[in-house]
Amino acid sequence: MNFPLLTVTAAVPAAGAILTAAVPAARRTAAKWLALLFSLATLVLAVLVAISFEPGGDRYQLTESRAWIADFGVRYELGVDGIGVALIALTALLIPFVIGAGWHDADPLETSSSRWRPTQGFFALILLVEAMVIISFEATDVFLFYIFFEAMLIPMYFLIGGFGDRAHSGSDGNAAAQRSYAAVKFLLYNLVGGLIMLAAVIGLYVVAGNFSLQEIAAARAAGTLDMATNTERLLFLGFFFAFAVKAPLWPLHTWLPNAMGEATAPVAVLITAVVDKVGTFAMLRFCLGLFPDASKWATPVILVLALISIVYGALVAVGQRDIKRLVAYASISHFGFIILGIFAMTSQGQSGATLYMVNHGISTAALMLVAGFLISRRGSRLIADYGGVQKVAPVLAGTFLIGGLATLSLPGLAPFVSEFLVLVGTFARYPVVGIIATIGIVLAALYTLVLYQRTMTGPVKEEVRTMPDLRLREVLVVAPLIVLLIGLGVYPKVLTDIVNPAVEHTMSDVKRTDPKPEVAVEAVPAKNGEAAK
(Lines give C-alpha, C1' and ligand atoms only; values in the text may rest on other atoms or scores of the structure.)
Protein backbone atom coordinates (compact mmCIF):
# COMPACT_ATOMS: atom_id res chain seq x y z
CA MET A 1 0.00 0.00 0.00
CA ASN A 2 1.38 3.41 -0.98
CA PHE A 3 1.96 6.05 1.69
CA PRO A 4 -1.24 8.19 1.97
CA LEU A 5 0.57 11.50 1.43
CA LEU A 6 -2.56 13.49 0.62
CA THR A 7 -4.39 12.28 3.72
CA VAL A 8 -1.40 13.06 5.94
CA THR A 9 -1.04 16.54 4.41
CA ALA A 10 -4.60 17.39 5.47
CA ALA A 11 -4.43 15.45 8.76
CA VAL A 12 -1.36 17.22 10.15
CA PRO A 13 -2.98 20.69 10.49
CA ALA A 14 -6.14 19.04 11.81
CA ALA A 15 -4.10 17.29 14.50
CA GLY A 16 -2.30 20.56 15.17
CA ALA A 17 -5.64 22.28 15.69
CA ILE A 18 -6.68 19.71 18.31
CA LEU A 19 -3.37 19.86 20.17
CA THR A 20 -3.21 23.67 20.05
CA ALA A 21 -6.72 23.96 21.47
CA ALA A 22 -5.75 21.58 24.29
CA VAL A 23 -2.83 23.72 25.50
CA PRO A 24 -3.54 25.09 29.02
CA ALA A 25 -4.93 28.62 29.13
CA ALA A 26 -1.85 30.09 30.78
CA ARG A 27 0.50 28.72 28.09
CA ARG A 28 -0.45 31.10 25.32
CA THR A 29 3.06 31.38 23.90
CA ALA A 30 3.41 27.59 23.78
CA ALA A 31 0.14 27.39 21.81
CA LYS A 32 1.46 29.89 19.27
CA TRP A 33 4.71 28.02 18.73
CA LEU A 34 2.88 24.70 18.49
CA ALA A 35 0.53 26.09 15.82
CA LEU A 36 3.49 27.52 13.90
CA LEU A 37 5.32 24.18 14.12
CA PHE A 38 2.35 22.27 12.68
CA SER A 39 1.90 24.83 9.90
CA LEU A 40 5.57 24.44 8.93
CA ALA A 41 5.21 20.64 8.99
CA THR A 42 2.24 20.99 6.63
CA LEU A 43 4.34 23.18 4.34
CA VAL A 44 7.01 20.45 4.20
CA LEU A 45 4.34 17.89 3.27
CA ALA A 46 2.96 20.22 0.58
CA VAL A 47 6.47 20.48 -0.88
CA LEU A 48 6.65 16.67 -0.90
CA VAL A 49 3.32 16.58 -2.77
CA ALA A 50 4.69 19.00 -5.37
CA ILE A 51 7.93 17.00 -5.72
CA SER A 52 6.03 13.70 -6.03
CA PHE A 53 3.72 15.08 -8.72
CA GLU A 54 4.74 14.36 -12.32
CA PRO A 55 3.38 17.09 -14.65
CA GLY A 56 3.46 14.77 -17.67
CA GLY A 57 1.87 11.84 -15.84
CA ASP A 58 -1.72 10.84 -15.12
CA ARG A 59 -4.29 13.55 -14.68
CA TYR A 60 -4.93 12.70 -11.01
CA GLN A 61 -1.95 11.47 -9.03
CA LEU A 62 -1.17 10.32 -5.48
CA THR A 63 -4.69 8.94 -5.52
CA GLU A 64 -6.37 7.30 -2.55
CA SER A 65 -9.69 5.48 -2.64
CA ARG A 66 -11.50 3.73 0.20
CA ALA A 67 -15.10 2.74 0.80
CA TRP A 68 -16.87 5.14 3.13
CA ILE A 69 -20.68 5.21 2.90
CA ALA A 70 -21.11 2.30 0.52
CA ASP A 71 -24.93 2.28 0.55
CA PHE A 72 -24.97 5.74 -1.02
CA GLY A 73 -21.96 5.36 -3.29
CA VAL A 74 -19.82 7.74 -1.24
CA ARG A 75 -16.08 7.03 -1.23
CA TYR A 76 -13.08 8.60 0.41
CA GLU A 77 -11.35 9.51 -2.85
CA LEU A 78 -8.42 11.88 -3.11
CA GLY A 79 -6.21 12.90 -6.00
CA VAL A 80 -4.43 15.99 -7.26
CA ASP A 81 -3.82 17.52 -10.66
CA GLY A 82 -1.44 20.38 -11.35
CA ILE A 83 -4.00 22.99 -10.34
CA GLY A 84 -4.64 21.26 -7.02
CA VAL A 85 -0.91 20.95 -6.34
CA ALA A 86 -0.38 24.68 -6.93
CA LEU A 87 -3.22 25.68 -4.60
CA ILE A 88 -2.23 23.23 -1.86
CA ALA A 89 1.25 24.74 -2.00
CA LEU A 90 -0.23 28.26 -1.80
CA THR A 91 -2.35 27.34 1.23
CA ALA A 92 0.48 25.64 3.10
CA LEU A 93 2.81 28.53 2.27
CA LEU A 94 0.53 31.30 3.53
CA ILE A 95 -0.60 29.78 6.84
CA PRO A 96 2.78 30.17 8.65
CA PHE A 97 2.78 33.84 7.62
CA VAL A 98 -0.83 34.23 8.79
CA ILE A 99 0.14 32.76 12.16
CA GLY A 100 3.26 34.91 12.40
CA ALA A 101 1.39 38.08 11.51
CA GLY A 102 -1.38 37.31 14.01
CA TRP A 103 1.03 36.46 16.82
CA HIS A 104 -0.54 38.96 19.23
CA ASP A 105 -3.99 39.34 17.66
CA ALA A 106 -5.65 36.95 20.12
CA ASP A 107 -3.80 38.01 23.25
CA PRO A 108 -6.15 39.08 26.08
CA LEU A 109 -6.61 42.77 26.62
CA GLU A 110 -5.48 43.41 30.18
CA THR A 111 -7.60 46.54 30.51
CA SER A 112 -10.90 44.73 30.15
CA SER A 113 -11.71 41.26 31.45
CA SER A 114 -14.78 41.11 29.19
CA ARG A 115 -12.55 41.27 26.12
CA TRP A 116 -10.65 38.03 26.87
CA ARG A 117 -9.48 36.52 23.60
CA PRO A 118 -8.70 32.80 23.79
CA THR A 119 -5.33 32.57 22.04
CA GLN A 120 -5.41 28.80 21.75
CA GLY A 121 -8.77 28.87 20.00
CA PHE A 122 -7.65 31.50 17.50
CA PHE A 123 -4.67 29.51 16.24
CA ALA A 124 -6.51 26.19 16.42
CA LEU A 125 -9.25 27.57 14.17
CA ILE A 126 -6.67 28.78 11.62
CA LEU A 127 -5.14 25.28 11.44
CA LEU A 128 -8.58 23.73 11.16
CA VAL A 129 -9.43 25.95 8.19
CA GLU A 130 -6.13 24.98 6.58
CA ALA A 131 -6.93 21.27 6.92
CA MET A 132 -10.38 21.69 5.38
CA VAL A 133 -9.14 23.81 2.48
CA ILE A 134 -6.37 21.34 1.65
CA ILE A 135 -8.70 18.34 1.59
CA SER A 136 -11.11 20.35 -0.60
CA PHE A 137 -8.32 20.72 -3.16
CA GLU A 138 -7.66 16.97 -2.93
CA ALA A 139 -11.18 15.50 -2.98
CA THR A 140 -12.28 13.75 -6.17
CA ASP A 141 -15.52 12.48 -4.63
CA VAL A 142 -18.18 15.17 -5.03
CA PHE A 143 -19.89 14.42 -1.71
CA LEU A 144 -16.58 14.42 0.18
CA PHE A 145 -15.73 17.78 -1.37
CA TYR A 146 -19.14 19.16 -0.41
CA ILE A 147 -18.71 18.21 3.26
CA PHE A 148 -15.49 20.16 3.66
CA PHE A 149 -16.63 22.96 1.35
CA GLU A 150 -19.40 23.63 3.87
CA ALA A 151 -17.61 22.65 7.08
CA MET A 152 -14.93 25.32 6.68
CA LEU A 153 -17.63 27.97 7.18
CA ILE A 154 -17.89 27.18 10.90
CA PRO A 155 -14.31 27.97 11.96
CA MET A 156 -14.32 30.99 9.65
CA TYR A 157 -17.50 32.25 11.30
CA PHE A 158 -15.82 32.19 14.72
CA LEU A 159 -12.61 33.75 13.40
CA ILE A 160 -14.57 36.70 11.97
CA GLY A 161 -17.11 37.14 14.75
CA GLY A 162 -15.01 36.18 17.75
CA PHE A 163 -11.65 37.66 16.82
CA GLY A 164 -12.44 40.91 15.07
CA ASP A 165 -10.18 43.84 14.28
CA ARG A 166 -9.27 45.95 17.31
CA ALA A 167 -8.87 49.08 15.16
CA HIS A 168 -12.42 50.40 15.12
CA SER A 169 -13.63 53.97 15.12
CA GLY A 170 -16.82 53.24 17.02
CA SER A 171 -17.52 52.12 20.57
CA ASP A 172 -16.79 48.59 21.75
CA GLY A 173 -20.49 47.80 21.48
CA ASN A 174 -20.68 49.03 17.91
CA ALA A 175 -17.52 47.11 17.04
CA ALA A 176 -18.92 43.89 18.48
CA ALA A 177 -22.22 44.41 16.65
CA GLN A 178 -20.49 45.01 13.33
CA ARG A 179 -18.28 41.94 13.79
CA SER A 180 -21.35 39.87 14.55
CA TYR A 181 -23.14 41.27 11.50
CA ALA A 182 -20.17 40.52 9.23
CA ALA A 183 -19.82 36.98 10.55
CA VAL A 184 -23.53 36.19 10.23
CA LYS A 185 -23.67 37.67 6.72
CA PHE A 186 -20.66 35.58 5.69
CA LEU A 187 -22.26 32.44 7.09
CA LEU A 188 -25.74 33.01 5.65
CA TYR A 189 -24.55 33.83 2.13
CA ASN A 190 -22.34 30.77 1.98
CA LEU A 191 -24.88 28.49 3.64
CA VAL A 192 -27.53 29.44 1.09
CA GLY A 193 -25.08 28.69 -1.70
CA GLY A 194 -24.19 25.41 -0.03
CA LEU A 195 -27.83 24.35 0.35
CA ILE A 196 -28.48 24.97 -3.34
CA MET A 197 -25.35 22.98 -4.16
CA LEU A 198 -26.54 20.13 -1.92
CA ALA A 199 -29.68 19.82 -4.01
CA ALA A 200 -27.49 19.69 -7.13
CA VAL A 201 -25.21 17.06 -5.54
CA ILE A 202 -28.23 14.87 -4.82
CA GLY A 203 -29.48 15.41 -8.37
CA LEU A 204 -26.09 14.40 -9.73
CA TYR A 205 -26.24 11.15 -7.75
CA VAL A 206 -29.72 10.41 -9.10
CA VAL A 207 -28.46 10.88 -12.65
CA ALA A 208 -25.00 9.31 -12.38
CA GLY A 209 -25.47 6.75 -9.60
CA ASN A 210 -22.25 7.72 -7.80
CA PHE A 211 -20.23 10.73 -6.63
CA SER A 212 -16.86 9.89 -8.17
CA LEU A 213 -15.60 12.73 -10.34
CA GLN A 214 -13.39 10.40 -12.36
CA GLU A 215 -16.09 7.78 -12.95
CA ILE A 216 -18.66 10.38 -13.99
CA ALA A 217 -16.20 12.06 -16.36
CA ALA A 218 -15.25 8.67 -17.85
CA ALA A 219 -18.91 7.78 -18.34
CA ARG A 220 -19.55 11.08 -20.10
CA ALA A 221 -16.57 10.56 -22.37
CA ALA A 222 -17.71 7.02 -23.21
CA GLY A 223 -21.27 8.17 -23.90
CA THR A 224 -22.76 5.86 -21.24
CA LEU A 225 -24.04 8.68 -19.04
CA ASP A 226 -27.37 9.96 -20.29
CA MET A 227 -27.87 13.48 -18.92
CA ALA A 228 -30.63 15.54 -20.48
CA THR A 229 -29.72 19.06 -21.53
CA ASN A 230 -32.06 20.80 -19.09
CA THR A 231 -30.96 18.50 -16.26
CA GLU A 232 -27.29 19.28 -16.88
CA ARG A 233 -27.98 22.99 -16.94
CA LEU A 234 -29.90 22.92 -13.67
CA LEU A 235 -27.18 20.89 -11.97
CA PHE A 236 -24.53 23.24 -13.31
CA LEU A 237 -26.37 26.27 -11.94
CA GLY A 238 -26.64 24.63 -8.51
CA PHE A 239 -22.90 24.04 -8.35
CA PHE A 240 -21.94 27.35 -9.93
CA PHE A 241 -24.12 29.41 -7.60
CA ALA A 242 -22.33 28.03 -4.53
CA PHE A 243 -18.92 28.58 -6.08
CA ALA A 244 -19.82 32.10 -7.22
CA VAL A 245 -20.77 33.03 -3.65
CA LYS A 246 -17.47 31.70 -2.35
CA ALA A 247 -15.45 33.26 -5.19
CA PRO A 248 -17.02 36.01 -4.76
CA LEU A 249 -18.67 37.03 -8.05
CA TRP A 250 -20.92 40.08 -8.46
CA PRO A 251 -23.74 40.35 -7.33
CA LEU A 252 -23.07 37.68 -4.66
CA HIS A 253 -20.02 39.52 -3.32
CA THR A 254 -21.42 41.81 -0.65
CA TRP A 255 -20.39 39.64 2.30
CA LEU A 256 -16.67 40.02 1.50
CA PRO A 257 -16.07 43.73 2.33
CA ASN A 258 -17.86 43.31 5.67
CA ALA A 259 -15.95 40.15 6.55
CA MET A 260 -12.53 41.49 5.57
CA GLY A 261 -13.19 44.85 7.18
CA GLU A 262 -14.17 43.44 10.56
CA ALA A 263 -11.70 40.53 10.68
CA THR A 264 -8.10 40.87 11.78
CA ALA A 265 -5.65 41.34 8.92
CA PRO A 266 -4.38 37.71 9.07
CA VAL A 267 -7.95 36.38 9.03
CA ALA A 268 -8.75 38.71 6.13
CA VAL A 269 -5.83 37.08 4.27
CA LEU A 270 -7.21 33.67 5.19
CA ILE A 271 -10.56 34.64 3.68
CA THR A 272 -9.53 36.09 0.34
CA ALA A 273 -6.16 34.42 -0.30
CA VAL A 274 -7.06 30.90 0.83
CA VAL A 275 -10.75 30.13 1.43
CA ASP A 276 -12.16 32.01 -1.56
CA LYS A 277 -9.80 30.14 -3.90
CA VAL A 278 -11.85 26.99 -3.25
CA GLY A 279 -14.68 28.60 -5.22
CA THR A 280 -12.67 29.37 -8.35
CA PHE A 281 -10.82 26.04 -8.13
CA ALA A 282 -14.16 24.20 -7.97
CA MET A 283 -15.38 25.99 -11.09
CA LEU A 284 -12.50 24.43 -13.00
CA ARG A 285 -12.69 20.99 -11.44
CA PHE A 286 -16.44 20.45 -11.04
CA CYS A 287 -18.37 22.89 -13.24
CA LEU A 288 -16.25 22.35 -16.35
CA GLY A 289 -15.40 18.72 -15.54
CA LEU A 290 -18.91 17.51 -14.76
CA PHE A 291 -21.04 19.81 -16.92
CA PRO A 292 -19.03 20.84 -20.00
CA ASP A 293 -22.00 21.53 -22.27
CA ALA A 294 -23.81 23.56 -19.63
CA SER A 295 -20.59 25.48 -18.93
CA LYS A 296 -20.42 26.55 -22.57
CA TRP A 297 -24.12 27.41 -22.52
CA ALA A 298 -23.69 29.69 -19.48
CA THR A 299 -20.43 31.28 -20.64
CA PRO A 300 -21.88 34.53 -22.13
CA VAL A 301 -23.71 35.44 -18.91
CA ILE A 302 -20.75 34.48 -16.71
CA LEU A 303 -18.38 36.62 -18.79
CA VAL A 304 -20.69 39.61 -18.33
CA LEU A 305 -20.82 39.03 -14.56
CA ALA A 306 -17.03 38.71 -14.48
CA LEU A 307 -16.67 42.00 -16.36
CA ILE A 308 -19.01 43.72 -13.92
CA SER A 309 -16.97 42.34 -11.02
CA ILE A 310 -13.76 43.67 -12.56
CA VAL A 311 -15.00 47.19 -13.23
CA TYR A 312 -17.36 47.53 -10.27
CA GLY A 313 -14.86 46.22 -7.72
CA ALA A 314 -12.15 48.56 -8.99
CA LEU A 315 -14.45 51.59 -9.14
CA VAL A 316 -15.71 51.09 -5.59
CA ALA A 317 -12.13 50.53 -4.40
CA VAL A 318 -11.20 53.96 -5.77
CA GLY A 319 -13.76 55.63 -3.53
CA GLN A 320 -13.00 53.74 -0.32
CA ARG A 321 -11.93 55.52 2.86
CA ASP A 322 -11.19 52.30 4.77
CA ILE A 323 -7.88 50.58 3.94
CA LYS A 324 -9.12 47.03 4.47
CA ARG A 325 -12.35 47.53 2.56
CA LEU A 326 -10.32 48.97 -0.31
CA VAL A 327 -8.30 45.74 -0.46
CA ALA A 328 -11.55 43.75 -0.27
CA TYR A 329 -13.09 45.51 -3.28
CA ALA A 330 -9.79 45.18 -5.16
CA SER A 331 -10.01 41.43 -4.52
CA ILE A 332 -13.52 41.35 -5.99
CA SER A 333 -12.08 42.90 -9.14
CA HIS A 334 -9.24 40.38 -9.21
CA PHE A 335 -11.61 37.44 -8.79
CA GLY A 336 -13.46 38.78 -11.81
CA PHE A 337 -10.25 38.36 -13.81
CA ILE A 338 -9.86 34.78 -12.53
CA ILE A 339 -13.40 33.81 -13.52
CA LEU A 340 -12.96 35.58 -16.86
CA GLY A 341 -9.90 33.45 -17.58
CA ILE A 342 -11.68 30.24 -16.60
CA PHE A 343 -14.70 30.80 -18.84
CA ALA A 344 -12.79 32.26 -21.78
CA MET A 345 -12.03 28.57 -22.33
CA THR A 346 -8.63 29.05 -23.88
CA SER A 347 -5.43 27.47 -22.63
CA GLN A 348 -3.86 30.89 -22.02
CA GLY A 349 -6.93 32.09 -20.12
CA GLN A 350 -7.18 29.06 -17.87
CA SER A 351 -3.44 28.91 -17.23
CA GLY A 352 -3.56 32.61 -16.39
CA ALA A 353 -6.56 32.09 -14.11
CA THR A 354 -4.76 29.37 -12.17
CA LEU A 355 -1.60 31.47 -11.88
CA TYR A 356 -3.81 34.38 -10.83
CA MET A 357 -5.19 32.32 -7.94
CA VAL A 358 -1.66 31.71 -6.67
CA ASN A 359 -0.25 35.16 -7.40
CA HIS A 360 -3.29 36.98 -6.03
CA GLY A 361 -2.96 34.98 -2.85
CA ILE A 362 0.67 36.04 -2.39
CA SER A 363 0.19 39.70 -3.38
CA THR A 364 -2.95 40.18 -1.30
CA ALA A 365 -1.25 38.54 1.68
CA ALA A 366 1.72 40.90 1.35
CA LEU A 367 -0.44 44.03 1.04
CA MET A 368 -3.01 43.12 3.68
CA LEU A 369 -0.49 41.96 6.28
CA VAL A 370 1.56 45.14 5.93
CA ALA A 371 -1.68 47.13 6.11
CA GLY A 372 -2.48 45.24 9.30
CA PHE A 373 0.88 46.18 10.80
CA LEU A 374 0.18 49.81 9.85
CA ILE A 375 -3.32 49.78 11.32
CA SER A 376 -2.17 48.17 14.58
CA ARG A 377 0.28 51.05 15.11
CA ARG A 378 -2.19 53.87 14.51
CA GLY A 379 -5.35 52.14 15.74
CA SER A 380 -7.39 53.28 12.72
CA ARG A 381 -8.40 51.81 9.37
CA LEU A 382 -9.26 55.20 7.84
CA ILE A 383 -6.96 56.40 5.06
CA ALA A 384 -7.40 60.02 6.15
CA ASP A 385 -5.76 59.28 9.51
CA TYR A 386 -2.40 58.67 7.87
CA GLY A 387 0.19 60.76 6.05
CA GLY A 388 3.96 60.90 5.74
CA VAL A 389 4.49 57.36 7.03
CA GLN A 390 7.42 56.74 4.67
CA LYS A 391 9.45 59.40 6.53
CA VAL A 392 9.12 57.72 9.92
CA ALA A 393 8.80 54.03 8.87
CA PRO A 394 10.58 53.59 5.52
CA VAL A 395 10.71 49.77 5.59
CA LEU A 396 6.98 49.57 6.28
CA ALA A 397 6.30 52.05 3.48
CA GLY A 398 8.57 50.20 1.06
CA THR A 399 6.97 46.83 1.61
CA PHE A 400 3.53 48.43 1.40
CA LEU A 401 4.52 49.92 -1.96
CA ILE A 402 5.72 46.60 -3.36
CA GLY A 403 2.51 44.89 -2.22
CA GLY A 404 0.50 47.66 -3.87
CA LEU A 405 2.48 47.49 -7.11
CA ALA A 406 1.87 43.74 -7.22
CA THR A 407 -1.84 44.41 -6.77
CA LEU A 408 -1.86 46.63 -9.87
CA SER A 409 0.09 43.92 -11.76
CA LEU A 410 3.28 45.85 -12.40
CA PRO A 411 5.49 44.07 -14.98
CA GLY A 412 8.23 42.15 -13.20
CA LEU A 413 5.97 41.10 -10.34
CA ALA A 414 4.07 37.81 -10.28
CA PRO A 415 0.47 39.03 -10.87
CA PHE A 416 1.46 40.67 -14.16
CA VAL A 417 2.11 37.31 -15.83
CA SER A 418 -1.25 35.86 -14.80
CA GLU A 419 -3.25 38.96 -15.68
CA PHE A 420 -1.51 39.17 -19.06
CA LEU A 421 -2.34 35.53 -19.85
CA VAL A 422 -5.98 36.02 -18.82
CA LEU A 423 -6.34 39.03 -21.10
CA VAL A 424 -4.55 37.35 -24.02
CA GLY A 425 -6.67 34.22 -23.64
CA THR A 426 -9.87 36.22 -23.39
CA PHE A 427 -9.04 38.47 -26.34
CA ALA A 428 -8.30 35.44 -28.54
CA ARG A 429 -11.92 34.28 -28.29
CA TYR A 430 -13.85 37.33 -27.07
CA PRO A 431 -11.95 40.46 -28.18
CA VAL A 432 -14.59 42.95 -26.99
CA VAL A 433 -14.67 41.36 -23.53
CA GLY A 434 -10.88 41.45 -23.37
CA ILE A 435 -10.79 45.14 -24.26
CA ILE A 436 -13.39 46.07 -21.63
CA ALA A 437 -11.53 44.06 -18.98
CA THR A 438 -8.46 46.25 -19.40
CA ILE A 439 -10.40 49.06 -17.69
CA GLY A 440 -9.75 47.17 -14.48
CA ILE A 441 -5.99 47.57 -14.96
CA VAL A 442 -6.26 51.35 -15.25
CA LEU A 443 -8.49 51.60 -12.18
CA ALA A 444 -6.15 49.31 -10.21
CA ALA A 445 -3.29 51.73 -10.82
CA LEU A 446 -5.53 54.56 -9.64
CA TYR A 447 -6.71 53.09 -6.33
CA THR A 448 -3.31 51.62 -5.46
CA LEU A 449 -1.27 54.76 -6.11
CA VAL A 450 -3.82 57.04 -4.47
CA LEU A 451 -3.80 54.79 -1.40
CA TYR A 452 -0.02 54.94 -1.19
CA GLN A 453 0.07 58.70 -1.78
CA ARG A 454 -2.49 59.49 0.92
CA THR A 455 -1.01 57.22 3.57
CA MET A 456 2.74 57.22 2.96
CA THR A 457 3.65 60.57 1.38
CA GLY A 458 3.05 64.22 2.23
CA PRO A 459 3.45 65.97 5.58
CA VAL A 460 3.92 63.72 8.61
CA LYS A 461 0.75 63.73 10.70
CA GLU A 462 1.22 64.21 14.39
CA GLU A 463 -0.38 60.87 15.22
CA VAL A 464 2.14 58.91 13.13
CA ARG A 465 5.24 60.91 14.06
CA THR A 466 6.35 58.31 16.64
CA MET A 467 5.23 55.29 14.62
CA PRO A 468 7.85 52.49 14.81
CA ASP A 469 9.11 50.74 11.70
CA LEU A 470 8.63 47.03 11.04
CA ARG A 471 9.96 44.78 13.78
CA LEU A 472 12.00 41.63 13.12
CA ARG A 473 8.98 39.31 13.36
CA GLU A 474 7.05 41.47 10.90
CA VAL A 475 9.97 41.61 8.46
CA LEU A 476 10.26 37.81 8.61
CA VAL A 477 6.56 37.59 7.72
CA VAL A 478 6.63 40.00 4.78
CA ALA A 479 10.09 39.54 3.25
CA PRO A 480 9.52 35.98 1.88
CA LEU A 481 6.28 37.13 0.24
CA ILE A 482 8.10 39.99 -1.48
CA VAL A 483 10.80 37.57 -2.69
CA LEU A 484 8.12 35.25 -4.09
CA LEU A 485 6.37 38.12 -5.89
CA ILE A 486 9.62 39.06 -7.61
CA GLY A 487 10.78 35.49 -8.21
CA LEU A 488 7.52 34.28 -9.78
CA GLY A 489 7.32 37.49 -11.77
CA VAL A 490 10.71 36.86 -13.31
CA TYR A 491 10.45 33.07 -13.62
CA PRO A 492 6.83 31.82 -13.69
CA LYS A 493 7.84 28.61 -15.49
CA VAL A 494 8.08 26.77 -12.18
CA LEU A 495 4.29 27.10 -11.93
CA THR A 496 3.29 26.90 -15.59
CA ASP A 497 5.05 23.55 -16.02
CA ILE A 498 2.81 22.09 -13.32
CA VAL A 499 -0.41 23.85 -14.31
CA ASN A 500 -0.44 23.60 -18.11
CA PRO A 501 -1.04 19.80 -18.40
CA ALA A 502 -4.05 20.11 -16.07
CA VAL A 503 -5.38 22.97 -18.19
CA GLU A 504 -5.08 20.78 -21.30
CA HIS A 505 -7.26 18.16 -19.59
CA THR A 506 -9.84 20.78 -18.69
CA MET A 507 -9.89 22.08 -22.25
CA SER A 508 -10.42 18.50 -23.42
CA ASP A 509 -13.37 18.11 -21.02
CA VAL A 510 -15.20 21.02 -22.62
CA LYS A 511 -14.02 20.04 -26.12
CA ARG A 512 -12.45 23.41 -26.78
CA THR A 513 -9.34 24.29 -28.73
CA ASP A 514 -7.56 27.61 -28.88
CA PRO A 515 -8.72 29.93 -31.68
CA LYS A 516 -6.25 30.22 -34.53
CA PRO A 517 -4.82 33.73 -34.92
CA GLU A 518 -6.26 35.53 -37.89
CA VAL A 519 -3.02 36.92 -39.28
CA ALA A 520 -2.39 37.29 -43.00
CA VAL A 521 1.03 35.96 -43.98
CA GLU A 522 2.48 37.65 -47.03
CA ALA A 523 4.55 35.68 -49.50
CA VAL A 524 8.29 36.19 -49.25
CA PRO A 525 9.81 37.20 -52.61
CA ALA A 526 12.23 34.66 -54.07
CA LYS A 527 15.90 35.51 -53.85
CA ASN A 528 18.85 34.13 -55.79
CA GLY A 529 16.75 31.54 -57.56
CA GLU A 530 15.21 30.10 -54.40
CA ALA A 531 11.55 29.07 -54.43
CA ALA A 532 9.18 31.64 -53.01
CA LYS A 533 7.84 30.77 -49.60
Side-chain angles (χ1 to χ4, degrees), residues 4-49 76 78 87-108 116-139 144-164 183 186-187 190 246 259 263-278 361 365 477:
L5 182 56
L6 297 184
T7 294
V8 173
T9 304
V12 165
I18 295 171
L19 293 175
T20 301
V23 173
R27 304 289 301 276
R28 294 194 303 273
T29 301
K32 297 174 185 178
W33 282 106
L34 186 63
L36 181 61
L37 178 64
F38 272 93
S39 69
L40 292 172
T42 306
L43 177 57
V44 171
L45 290 168
V47 171
L48 290 177
V49 170
Y76 178 79
L78 305 180
L87 293 176
I88 289 171
L90 171 69
T91 302
L93 172 71
L94 291 182
I95 296 302
F97 299 122
V98 167
I99 291 174
W103 201 253
H104 297 298
D105 284 357
D107 289 346
W116 175 265
R117 301 159 71 87
T119 305
Q120 290 83 343
F122 179 75
F123 292 103
L125 289 171
I126 290 174
L127 289 175
L128 188 58
V129 172
E130 179 183 23
M132 292 179 175
V133 169
I134 287 175
I135 204 167
S136 297
F137 292 141
E138 297 173 345
L144 179 67
F145 169 83
Y146 172 78
I147 289 175
F148 290 98
F149 179 82
E150 286 293 275
M152 70 180 70
L153 301 179
I154 304 304
M156 286 306 307
Y157 168 80
F158 287 110
L159 283 170
I160 297 168
F163 301 92
F186 162 82
L187 187 63
N190 284 275
K246 185 88 77 179
T264 64
V267 172
V269 170
L270 194 63
I271 295 169
T272 189
V274 177
V275 172
D276 287 354
K277 298 300 188 299
V278 178
V477 167

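These numbers come from a predicted model, not from an experiment. Only heavy atoms go into these numbers, but all of them, side chains included; no hydrogens, no water, no symmetry mates.
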Exercise for review: Find the distance between OG (Ser136) and CZ (Phe148) and round it off to the nearest 0.5 Å.
Suggested key: 7.5 Å
Check your understanding: When rounded to the nearest 0.5 angstrom, what is the spacing between CG in Asp276 and CG in Leu270?
Key -> 9.5 Å
Point to revise | Glu130 and Ile126, any side-chain heavy atoms less than 4.5 Å apart | key: no
Practice item. Return each pair, listed once, that meets side-chain hydrogen bond (donor to acceptor under 3.5 Å, both in side chains) where at least one residue sits in residues 88-98; pairs must be two or more places apart or across chains. Key: none
Review point. Do Ile99 and Pro266 come within less than 4.5 Å of each other through their side chains, counting heavy atoms only?
Key: no
Point to revise | Of all pairs that satisfy side-chain hydrogen bond (donor to acceptor under 3.5 Å, both in side chains), the ones with a partner from residues 4-27, not counting sequence neighbours | key: Thr7-Glu64, Thr7-Tyr76
Review point. Of the non-hydrogen atoms in Ser39 and Ile95, which two are nearest, and what is the gap between them?
Key: CB-CG2, 3.9 Å
Check your understanding: Given side chains that start at C-beta, do those of Val278 and Met132 come closer than 4.5 Å, heavy atoms only?
Key -> no
Point to revise | CH2/Trp103: more than 12 non-hydrogen atoms of other groups inside 6.0 Å | key: yes
**Study point:** All side chain to side chain contact (heavy atoms under 4.5 Å, CB included) counterparts of Leu94, not counting sequence neighbours
**Key:** Leu90, Ala273, Val274, Ala365, Leu481
Point to revise | Residue list, side chain to side chain contact (heavy atoms under 4.5 Å, CB included) with Val12, at least two apart or on another chain | key: Val8, Phe38, Ala41, Thr42, Leu45
Exercise for review: Considering non-hydrogen atoms only, spot the tightest contact between Lys246 and Leu153 and give its length.
Suggested key: NZ-CD2, 3.4 Å
Review point. Does Pro24 offer a backbone N or O that forms a donor-acceptor pair with the side chain of Gln120 under 3.5 Å?
Key: yes
Review point. Atom CD1 in Ile134, atom CG in Leu87: separation rounded to 0.5 Å?
Key: 11.0 Å
Point to revise | For Thr29, all residues meeting side-chain hydrogen bond (donor to acceptor under 3.5 Å, both in side chains), sequence neighbours excluded | key: none
Check your understanding: To the nearest 0.5 Å, what is the distance between CG (Leu6) and CD (Glu138)?
Key -> 4.5 Å
Revision key, fill the gap. Closest non-hydrogen atoms of Ala17 and Leu127, given as atom of the first, atom of the second and distance, are N-CD1, 3.7 Å
Point to revise | Ala10 to Ala131 - nearest heavy-atom pair and separation | key: O-CB, 3.3 Å
Point to revise | Test log, rule side-chain contact (heavy atoms from CB on, under 4.5 Å), inputs Leu34 and Phe123 | key: CA-CA 9 Å; Leu34 186 63; Phe123 292 103; over 6 Å; no
Check your understanding: For the atom pair CZ (Phe97) and CG (Leu43), what is the distance rounded to the nearest 0.5 Å?
Key -> 8.0 Å
Practice item. Mind listing the closest non-hydrogen atom pair of Phe186 and Asn190 along with its distance? Key: O-ND2, 2.8 Å
Exercise for review: Might you point out which heavy atoms bring Phe163 and Gly121 nearest each other, and give the distance in Å?
Suggested key: CZ-C, 4.3 Å
Practice item. Not counting sequence neighbours, which residues clear salt bridge (Lys or Arg N to Asp or Glu O under 4.0 Å) with Lys32? List them please. Key: Asp107
Practice item. Enter the distance from Ile160:CD1 to Leu125:CG here, rounded to the nearest 0.5 Å. Key: 11.0 Å
